[in-house]
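Labels below follow one simple rule: chain letters A, B, ... track the order of the sequence lines, proteins then strands, and each chain is numbered from 1. The shown structure was predicted, so the numbers you read here are calculated from the model rather than taken from an experiment.
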Number of protein chains: 2
Amino acid sequence: MRLDDLDRRIVALLCEDARFSYADIGAKVALSAPAVKRRVDRLRATGVIRGYTALVDPAALGWTTEAFVELYCTGRTTPAQIERATRRHPEVVGSYTVSGGADALVHLRAADISHLEEALERLRAEPFVTQTQSMIVLSRLVDRPASGPATS
Amino acid sequence: MRLDDLDRRIVALLCEDARFSYADIGAKVALSAPAVKRRVDRLRATGVIRGYTALVDPAALGWTTEAFVELYCTGRTTPAQIERATRRHPEVVGSYTVSGGADALVHLRAADISHLEEALERLRAEPFVTQTQSMIVLSRLVDRPASGPATS
DNA sequence: GATGAAAACCGTAAAAT
DNA sequence: ATTTTACGGTTTTCATC
């Protein structure tokens, strides 16, 4: 889908605060509320905007520990296989196939160290996993949802 | 801050769709709209909810390339230094200090390979960076904003 | 253990956007 | 139509008797 400048500004505003009303947005981009709604509906329908979510502090919900795990897999492991396997684990917040030594990188979030250990154990038990290498997150310095791309 | 069951259900609903009205949420948790608003206001004030954002498909905005970069730093590099440095780059969507061989892991998102290369070059030019190791993302398999913690 | 003040919380209703 | 403010009533908490 092709986006014009107004579309991009609307997306940027919704990234900044997804609860802006159509009138709020309209005031900032010089459009009427219905006109904004039409564009937003189109952006949703075409998959540019996939949804809206609250940004929650994981620690406030008791999720204090996270890690990035490099996955090494057996020869003929497909991305689809890795996706199905990693998606099943609720502790997985991100999963990517990557170039380099490892085959995949998995982002885990757990309640505490023992929970993380347990989740890691479950991940290692996947039949196609031959080896893992973990990086425990000591502190989250930057965590930008999707705003980065939109603003620049 | 202590969260009761209603708070957790409200947070989960806002993670599911940040544009639910207070009345919508109230209907689902058996509370009036003002009661929901009071709780949401408190959740925002205490930092449990940090904000609301649209979930945007990066590719739709022309951000087609991403990478994870392990940063190796000089002896007395502080997390604050790494934060300041990485935050300055608009391509950085995530930055973490980690245990293991590397000192930090940086999540980059760029328009294309050459843009990524350029951003990486800028990152490597930071005075405290001694070495980097990059993993180019081949495909994003799972990407869960914050829903994981909230739902379980 | 009972009692009464204080805090926390909810709902209805009205006002503002 | 939704958000926000204002008010009145109820429940919980907790210190004191």
Worksheet, complete the sentence: Besides A/Val98, the hydrophobic cluster formed by Ile, Leu, Val, Met, Phe, Trp and Tyr side chains linked at under 4.5 Å, directly or via other members, contains A/Phe68, A/Tyr96, A/Leu105, A/Met135, A/Val137, B/Phe68, B/Tyr96, B/Val98, B/Leu105, B/Met135, B/Val137

Practice prompt. Just grab all the side-chain hydrogen bond (donor to acceptor under 3.5 Å, both in side chains) pairs involving residues 67-76 of chain A, residues at least two apart or on different chains.
Written response: A/Thr74-A/Thr77

Fill in: Reported OG1-to-CG distance for the pair B/Thr53 and A/Leu55, which is rounded to 0.5 angstrom
5.5 Å

Worksheet, complete the sentence: To the nearest angstrom, the CD1-C1' distance between B/Ile10 and C/dC9 comes to 12 Å

Practice prompt. Give, ordered by number, those residues of residues 19-29 of chain B having at least one heavy-atom distance below 4.0 Å to an atom of DNA chain D; if nothing qualifies, reply none.
Written response: B/Ser21, B/Tyr22

Discussion item. Which residues pass the side-chain hydrogen bond (donor to acceptor under 3.5 Å, both in side chains) test with B/Thr64, not counting sequence neighbours?
Written reply: none

Worksheet entry | Results of salt bridge (charged side-chain N to carboxylate O under 4.0 Å, His left out) for B/Arg42 - residues two or more places apart only | B/Asp7

Worksheet item: Which letter, B, S or -, goes with each nucleotide of nucleotides 5-11 of chain D from 5' to 3', with contact meaning a protein heavy atom under 4.0 Å?
Response: B------

Worksheet, complete the sentence: Between CG of B/Asp4 and C1' of C/dA8 the distance, given in whole Å, is 12 Å

Worksheet, complete the sentence: The side-chain hydrogen bond (donor to acceptor under 3.5 Å, both in side chains) partners of A/Arg87 (sequence neighbours excluded) come to A/Glu83

Response to the item:
B/Leu6 CG to C/dA8 P, in whole Å, measures 17 Å

Practice prompt. To the nearest Å, give me how far apart CG (B/Leu31) and C1' (C/dG11) are.
Written response: 9 Å

Worksheet, complete the sentence: With sequence neighbours left out, the residues meeting side-chain hydrogen bond (donor to acceptor under 3.5 Å, both in side chains) with B/Asp112 are B/Ser114

Side-chain atoms of residues 9-18 of chain B: list all donor-acceptor pairs with protein atoms under 3.5 Å, sequence neighbours left out, distances to 0.1 Å.
unit_1: B/Arg9; atom_1: NH2; unit_2: B/Lys28; atom_2: O; d: 3.0
unit_1: B/Asp17; atom_1: OD1; unit_2: B/Arg19; atom_2: N; d: 2.8

